[in-house]
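Remarks on the structure that follows.
Order of appearance sets the numbers: ligands from 1, and atoms from 1 within every ligand.
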Amino acid sequence: MKYSRREAMRMAAGAAVGLPWLESGCMRGRPLARIFPSHTALPKAFEAALPILPVQKASGSDATSDCYEMAVRPASASILPGLITAIWGYNGTFPGPVIEARRGRKVSLRLKNELPVPIVNHLHGGRTPPESDGYPTDLVMPKGEFPAARMHDPRARVAHEEREYVYENEQRAATLWYHDHRMDFTAAQVWRGLAGFYILRDEEEGRLPLPRGEREVALLICDRSFGVDGSLIYPAFDPSLRDIPGIPMDYMGGVLGDVILVNGAPWPRLEVANTRYRFRILNASNARRYQLALEPGAGAAPLVQIGSDGGLLAAPVVQRSIAIAPSERFDVVIDFSRYRVGSQVRLVNRAADGPQGQVMRFDVVRQERDESVVPQRLSRVEFPDPAHVAATRVFNFSYRGMEGWTINRKPFDPDRMDARPKLDSTEIWRLETDFSHPLHLHLVHFQVLSHSGRSGPFDSGWKDTIDLSAGQVANILVPFAGYRGRYVFHCHNLEHEDMAMMGNFEVI
Ligand code: C2O
Ligand code: CU
């Protein structure tokens with residue numbers, strides 16, 4: 001291999017004493033995600049107000065498009081009480097500003113790289129031409145001298161200091177998000193703050209009487225850990241993130257934080273009226289899964305799911321709790337009229353105990369009129385006919401010791417094409433796993449045909465990520481619409497992704 005991953009693995013193995021994942025934190029020899037503990041006392045829950053994420057103003061508009069300019073730069077944030085946290089942020093904020101887009105209107109996003117490292121931007125869930133999709137080697141280099149990229153890729157489109165990304169927005173309304181995708185360093189760079197919402201709206205959705213305005217709230221959930229001085233800490237070999245990729249073997253399964261942030265605030269609270277609210281929930285964590293539920297639950301229908309990764313569902317689905325893996329989005333309506341004014345309702349995470357078992361709190365503080373309705377028919381969702389599939393492919397996601405996390409036993413290589421689907425054809429991909437992996441395809445949205453032989457409770461609608469647990473098999477129906485070109489698919493546990501669990505497909 002012309003690439004340093006093995007090198008990094010060797011360093012990792014050398015740095016660790018013995019093979020720690022064989023003794024603890026492993027599942028049949030596969031490393032589990034584990035907490036990288038904060039060195040500071042955890043902040044108190046439900047003290048901070050939930051930050052409402054600011055919407056980015058367009059720097060210019062014409063008949064067909066809106067232009068946005070953002071500098072990606074180091075900045076400071078106040079996340080923990082009394083401490084300042086150094087972050088890397090789009091326009092210096094974490095999470096990044098919200099980009100609001102309309103179907104049929106192009107967005108041109110001009111990013112200036114003012115960080116000391118290369119960046120790549122990817123619009124997750126976007127049907128984007130390949131040159132703007134943020135292929136991991138399509139680096140935007142920082143100013144000044146920088147060591148050459150270790151990953152050799154003759155097709156890489158390297159830019160210097162800035163790049164314009166063009167998003168066509170020829171797709172249905174959905175909650176998308178943008179984040180860094182730099183080869184080998186995605187996990188560490190997203191951890192430092194490089195993620196934000198991109199909300200695509202259309203007329204079909206705009207006509208529905210769903211909660212809106214102040215009662216439509218985007219929630220970016222992620223876990224992080226902090227040093228004594230309030231800094232974000234991450235177990236990177238090279239904390240400058242300039243040259244040597246990788247993290248110690250202990251953390252190969254994924255890095256978990258012990259502080260749960262929503263919109264960048266630890267365990268925040270939001271004051272609400274006793275009406276319906278719409279929450280666009282994104283799990284932007286590197287490796288943490290959540291099982292979200294309300295406590296107290298207030299009757300049989302606490303969470304009404306109206307949308308998934310790919311936009312509105314055909315009809316609402318009542319959920320008692322929602323399992324959300326890294327990069328997934330759930331669009332949910334909560335009706336606070338089920339609670340008395342004065343109630344405190346916690347959004348909890350049943351997938352963890354202790355502090356990580358809490359997410360945020362809603363305080364029902366006032367009575368207001370509610371004109372919103374959740375219609376029984378939300379949207380037209382038409383899937384292709386599985387009788388007309390052009391090809392069926394099998395991908396096996398597994399752990400292979402020194403090779404890292406692999407697909408069909410091979411670590412990522414930009415030179416190897418794992419599939420060549422034809423433009424406008426539909427394929428079935430059979431996904432198999434040894435372990436739990438949230439699997440994501442760029443460019444496309446897919447329908448989950450079966451998830452371990454059944455239909456999964458969280459697989460409704462159009463998806464761009466499917467979460468498989470150990471030993472599961474899923475069949476997904478994938479229409480390859482949009483553009484010809486090279487794209488990646490990968491595990492969205494960002495440590496698995498950086499440790500080679502990524503493949504290529506080329507739409508031809
Ligand atoms: Cu959020 Cu390659 O993806
Ligand atoms: Cu994975």
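The ring of Y198 has its center no closer than 6.0 angstrom to the ring center of W177. Taking the six-membered ring where the residue is Trp, the centroids of H124 and H181 are separated by 6.0 Å or more. A centroid separation of 6.0 Å or more is found between the aromatic rings of Y165 and Y178. Not less than 6.0 angstrom separates the ring centroid of H490 from the ring centroid of H496.
Computed with atom 2 (Cu) of ligand 1 at the centre, the H442 NE2 to H490 NE2 angle is 110°, stated to 10 degrees.
The aromatic rings of F412 and Y135 are tilted relative to each other, their planes meeting at an angle between 30° and 60°.
Looking at R278 and E205, a side-chain N of the basic residue comes within less than 4.0 Å of a carboxylate O on the acidic one, giving a salt bridge. Between R172 and D202 there is no salt bridge, since no side-chain nitrogen of the basic residue lies less than 4.0 Å from a carboxylate oxygen of the acidic one. The pair R486-D153 meets the salt-bridge criterion, since a charged nitrogen lies less than 4.0 angstrom from a carboxylate oxygen.
Distance CG/L176 to CZ/R329: 6.0 Å, rounded to 0.5 Å.
E328 and T465 are not linked by any side-chain donor-acceptor pair at a separation below 3.5 angstrom, with hydrogens and angles left out of the test.
Each protein N/O/S atom under 2.8 Å from the Cu ion (ligand 2) was counted, for a total of 3. For atom 1 (Cu) of ligand 1, protein N, O or S atoms under 2.8 Å: 3 in total.
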